[in-house]
Amino acid sequence: MSAKTHLSRKITAALAIIFLLPPLIFFVMWSSIGLRYSGLSTGDQMDVYTGYFPQWLRDINAIHTISIVCCLIAIVLAARSFKKHLLSVRVLMLIVVLAAIFILLFDISQLF
């Protein structure tokens with residue numbers, strides 16, 4: 001039973017990182033647009049940003065909602081695997097939680 005718990009914590013740690021990747025990519029895309037095109041208005045930046053996505057996902061609120069959901073899932077999974085005894089996994093999960101909280105706050109601020 002201990003081996004199964006050990007394995008599930010490794011899997012939850014990996015899943016936490018996997019669920020953090022899409023919001024992290026979305027955040028980097030948004031930041032790079034702001035740096036690359038500094039003279040654009042906010043509406044034009046949103047048009048450039050949504051232009052990278054498929055037609056069915058061109059709504060900025062849907063993109064931020066997906067990012068929020070993925071961040072929340074990553075936080076829950078990282079918290080579940082934080083009980084692992086390896087220090088490297090604990091530090092990595094702490095970084096995942098902090099990055100997810102930062103991106104979560106960014107997405108909430110962009111929604112309103």
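Contact record, Thr12 with Leu77: O-CB, 3.7 Å, taken as the closest heavy-atom pair. When all heavy atoms are compared, the tightest approach of Ala100 to Cys71 is O-SG, 3.7 Å.
Here the side chains of Ile103 and Ser67 are in contact, with some heavy-atom distance below 4.5 Å. In this structure, Ile63 and Asp107 have side chains that are not in contact, with every pair of non-hydrogen atoms separated by 4.5 Å or more. Side-chain contact between Ile17 and Met93: present, with at least one pair of heavy atoms (C-beta onward) separated by less than 4.5 Å. Taking the side chain as every heavy atom from C-beta outward, Leu20 and Ile73 never approach each other to under 4.5 Å. For the pair Phe19/Val96, no side-chain contact is recorded, criterion being any heavy-atom separation below 4.5 Å from C-beta on.
At a threshold of 4.5 Å between side-chain heavy atoms, the hydrophobic network of Ile, Leu, Val, Met, Phe, Trp and Tyr places Leu98 and Ile108 in two separate groups. Cluster membership check: Tyr49 does not share its hydrophobic cluster with Leu35, using side-chain heavy-atom separations under 4.5 Å among Ile, Leu, Val, Met, Phe, Trp and Tyr. Cluster membership for Ile33 and Ile25, using ILVMFWY side-chain heavy atoms within less than 4.5 angstrom, is shared. Ile60 and Phe112 fall into different hydrophobic clusters, where Ile, Leu, Val, Met, Phe, Trp and Tyr side chains are chained together by heavy-atom contacts under 4.5 Å. Put simply, Ile101 and Val91 are part of two different groups of oily side chains (I, L, V, M, F, W, Y) that touch within less than 4.5 Å, one to the next.
Each of Thr42, Val48, Leu40 was scored for a side-chain contact (heavy atoms from CB on, under 4.5 Å) with Asp44, with one residue passing: Leu40.
Ring planes of Phe106 and Trp30: tilted class, angle from 30 to 60°.
One finds the CG atom of Asp47 at 10.0 Å from the CZ atom of Arg58 (value rounded to the nearest 0.5 Å). With values rounded to the nearest 0.5 angstrom, Ser81 atom OG is found 11.5 Å from Ile11 atom CD1. Distance check: Cys70 SG to Leu104 CG gives 11.0 Å after rounding to the nearest 0.5 Å. Distance check, rounded to the nearest 0.5 Å: CD of Gln45 to CZ of Arg36 gives 11.0 Å. A distance of 13.5 Å separates OG of Ser31 from CZ of Phe26, quoted to the nearest 0.5 Å. Put simply, CG on Asp59 and CE on Met46 are 10.5 Å apart, with the number rounded to the nearest 0.5 Å.
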